[in-house]
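For reference, the structure is listed below as structure tokens.
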Number of protein chains: 2
Amino acid sequence: MKRPTIADIARRAGVSKGAVSYALNGQPGVSEATRQRIIAIAQEIGFNPNSAARALSGATANAVGLALCRPARILGIEPFFMELISGVEGELSARSYALTLQVVADPDAEIAVYRRWWGERRVDGVFVCDLRVDDRRVPVLEELQLPAVVIGGPGHTGTLASVWADDAAALVETMEYLVALGHRRIARVGGLPGLLHTEIRGKAFVEAGERLGLEQSLTVPSDYTGEEGARATRRLLGAAGRPTAIIYDNDVMAIAGLAVAQEMGLAVPGDLSIVAWDDSALCQLTHPPLTALGRDIPAYGAHAARQLLAAIEGREIGAYQDETAHLTPRGSTAAPSPA
Amino acid sequence: MKRPTIADIARRAGVSKGAVSYALNGQPGVSEATRQRIIAIAQEIGFNPNSAARALSGATANAVGLALCRPARILGIEPFFMELISGVEGELSARSYALTLQVVADPDAEIAVYRRWWGERRVDGVFVCDLRVDDRRVPVLEELQLPAVVIGGPGHTGTLASVWADDAAALVETMEYLVALGHRRIARVGGLPGLLHTEIRGKAFVEAGERLGLEQSLTVPSDYTGEEGARATRRLLGAAGRPTAIIYDNDVMAIAGLAVAQEMGLAVPGDLSIVAWDDSALCQLTHPPLTALGRDIPAYGAHAARQLLAAIEGREIGAYQDETAHLTPRGSTAAPSPA
DNA sequence: GATTTCGACTGAACCGGTTTAGTAGGCACA
DNA sequence: TGTGCCTACTAAACCGGTTCAGTCGAAATC
């Protein structure tokens, strides 16, 4: 089946290719009557502009890129990315932008992907996930002048646009809630060290712990997987003076922690309170359901997409602060039983 | 920053654009010495061929498409798609193919996306997920002659290539295992009605139930969400002559079912055995861990990608049968307690 | 009535690759 | 010495859009 081109439309309308281009793109240069006639013909023959031709002559590729740098097994289990993607998609498809996805093995590969995309002119802009402290990707994107929106922050985003949420505030709110319940020994199972939001949460945890006068406020680093979450939990619960509450950096680790606690004969929430960061549907499926810090991830993605489209259009944009995660108390948190 | 083009390379090498093209693409027409010189220059200046220009003149866009037609909340929670994507990616990126992702609202929108992609020449081929009985997408793709690989089957794939696994056999194996443990009343919480694999599993369930002489073999339809899985479970367990074992069409519903059983005071596996289809890491995080039907989803995706690339290259391909899911017994299945 | 202006449109260049047709030079063979 | 053939290249067309520089006729201006 032959794809219709503007030349076909031009022939049928008895005008030149240029006139067709003007008509279809809403540019001045054709009369309203001719424009309508051309649009009608285009619709009739089911015309879609060849994206390659458009990208080659015009400015944009009408596509944006997202490179994900996490191993497959973690990607699968984290609802975060899929929810983010679906939010991003909503904005993009409304403007007929395509999303190009690439899974990469490490930050160097990711940087190589950006350089390739830029060289190939395959994308007009990119999303940057999993921001790190002094992230090496940032200067590369600045150098390439590739429009980019960093998903994360605040800070360490250089001159790039960003979308971020105040994790420190959310964590402090959670700790105050636990303290109000009577907890004095609170632990935290953190995400991948080196990720900016892990560091931000870690710092906030220490500071709030001091301010609230906790007896104990220990962070154990982890990697978002259930296995590591379970291991960290065993370590925390096996030690003397074990915590009465644990905050997990994602829901998968929290669920694993819950299983470990039950396995060790500890009652949740009687002996141990559990809070999960990221409130996916999973948190409501456990027994007891998990108290969780949640926010609207698809909306977060949508904001990021809007920022990126604005950046591509050359509009001046900066950091956009998204809503702060809010705590949904469920059955996994309660006052600690008297020791 | 200016992107280098083959004209830049040609100038520096003192040859024509054509020679550069031959050299970089491994075509005959240049001497080995010249080829090496050109390749060296290309590397030195960091050349990447403009994908639009290549797509416009040559045949391929060097991209394939994947349209996902599921609501955001289900997409997020299902590890299946992300694992599939990461497997697909592995094959694609090895051949420098890009993956274009689009989330759509319904099958009509999905068909529209295929037509647009085809018209725009944006992709060289597509993956088709969630195959339905008499799927309307199949004839459209055949008409467009857009290379496609259906992920699912067998049957209902028309002339399109496909990758499938024998779900019926896996289900029968599972039922035989449960019968061997002593179960006579087995229920099933199914996936979305209308999806081919749901129908195939449903049919196999009924047939095997009869063949094995079960007292009861009831399927309750569901939609893969935890809420629906919980509701279906309550319905099954609340009725008289409740089943002693339930097979769930995905892991999320199985986890929800486990929580419901515990909530109702039933011991798992003592009073109720539970089997999950799709063995994600979640299955090992529950208490007890779930017996699950698992297979290597990234490998499945990789096979699909290989099939699609072959189809794009015009090689004759048909249906590829992937490994059958295998049962991993864990703590959620045991002999039923004497009634 | 001559000149300017403007709207509506055309023709051609251009984007950066691939590919086809053509050519120059070297060598073998009669 | 001429013919044929091969290798190693070049020039130019082409893909399908966008856009720039004109052109043409009609209306507006003086």
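Here is how names work: the chains are called A, B, and so on, in the same order as the sequence lines, proteins then strands, and each is numbered from 1. Everything quoted here is computed from the prediction, not taken from an experiment.
Under the ring pair (Phe, Tyr, Trp, His ring centres under 6.0 Å) criterion, B/Y320 pairs with B/H303, not counting sequence neighbours. Take A/E44 and apply the salt bridge (charged side-chain N to carboxylate O under 4.0 Å, His left out) test, not counting sequence neighbours, and it matches A/R12. For B/R116, the salt bridge (charged side-chain N to carboxylate O under 4.0 Å, His left out) test picks out B/E120, with sequence neighbours left out. Residues forming a side chain to side chain contact (heavy atoms under 4.5 Å, CB included) with A/R295 (at least two apart in sequence, or on another chain): A/A165, A/I297, A/Y300, A/D322, A/E323, A/A325. Legend: residues meeting side chain to side chain contact (heavy atoms under 4.5 Å, CB included) with A/S31, ordered by chain and number and at least two apart, are A/A33, A/T34. Listed by chain and residue number, A/L56, A/R121, B/A52, B/A53 satisfy the side chain to side chain contact (heavy atoms under 4.5 Å, CB included) test with B/N50 (two or more places apart in sequence, or in another chain).
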Tabulate below the donor-acceptor pairs under 3.5 Å that side-chain atoms of residues 19-29 of chain A make, not counting sequence neighbours, or state none.
{"unit_1": "A/S21", "atom_1": "OG", "unit_2": "A/N25", "atom_2": "ND2", "d": "3.4"}
{"unit_1": "A/N25", "atom_1": "OD1", "unit_2": "A/R54", "atom_2": "NH2", "d": "3.1"}
{"unit_1": "A/N25", "atom_1": "ND2", "unit_2": "A/S21", "atom_2": "O", "d": "2.9"}

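Computed from coordinates, the B/L24 CG to C/dT19 C1' distance equals 15 Å when rounded to whole Å. Here C/dG17 presents its P atom at 10 Å from CG of B/N25, a figure rounded to the nearest Å. At whole-Å resolution of the value, CZ in B/R121 and C1' in D/dG17 are 13 Å apart. If you take CD of A/Q27 and P of D/dA21, they are 15 Å apart, rounded to a whole angstrom. Across the protein-nucleic acid pair, B/I6 atom CD1 and C/dG17 atom P stand 5 Å apart, rounded to whole Å. Note: CG (A/L56) to C1' (C/dA13) measures 13 Å, nearest angstrom. The CD1-C1' distance, from B/I9 to C/dT18, rounds to 14 Å in whole Å. One can place CD of A/E120 at 16 Å from C1' of C/dC15, the figure rounded to the nearest angstrom.
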Quick one: which protein N/O atoms are closer than 3.5 Å to N/O atoms of nucleotides 8-10 of chain D? Pair and distance per line, please.
{"unit_1": "D/dC9", "atom_1": "OP1", "unit_2": "B/T34", "atom_2": "OG1", "d": "3.1"}
{"unit_1": "D/dC9", "atom_1": "OP2", "unit_2": "B/S31", "atom_2": "N", "d": "2.6"}
{"unit_1": "D/dC9", "atom_1": "OP2", "unit_2": "B/S31", "atom_2": "OG", "d": "2.9"}
{"unit_1": "D/dC9", "atom_1": "OP2", "unit_2": "B/T34", "atom_2": "OG1", "d": "3.0"}
{"unit_1": "D/dT10", "atom_1": "OP1", "unit_2": "B/S16", "atom_2": "N", "d": "3.4"}
{"unit_1": "D/dT10", "atom_1": "OP2", "unit_2": "B/S16", "atom_2": "N", "d": "2.8"}
{"unit_1": "D/dT10", "atom_1": "OP2", "unit_2": "B/S16", "atom_2": "OG", "d": "2.8"}

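Between B/L66 and B/F81, every side-chain heavy-atom pair lies at or beyond the 4.5 Å cut-off.
Under the 4.0 Å criterion applied to side-chain N and carboxylate O atoms, A/E110 and A/R115 are not assigned as salt-bridge partners.
Between its opening and closing five pairs, the helix from C/dG1-D/dC30 to C/dA30-D/dT1 changes axis direction by 60°, a value rounded to 10 degrees.
Residues of residues 42-53 of chain B having a heavy atom closer than 4.0 Å to DNA chain D: none are found.
Side-chain N/O atoms of A/S57 include none lying less than 4.0 angstrom from OP1 or OP2 on D/dG17.
Looking at the side chain of B/R54, the nearest of the listed nucleotides D/dT18, C/dG17, D/dG16 is C/dG17.
B/T5 comes within 4.0 angstrom of sugar-phosphate atoms only, judged by non-hydrogen atoms across all strands, and of no base.
For residues 80-92 of chain B, every residue pair satisfying the side-chain hydrogen bond (donor to acceptor under 3.5 Å, both in side chains) rule, not counting sequence neighbours, is listed here: B/E91-B/R306. Residue pairs meeting the salt bridge (Lys or Arg N to Asp or Glu O under 4.0 Å) criterion with at least one partner in residues 20-34 of chain A, sequence neighbours excluded, are A/E32-A/R35.
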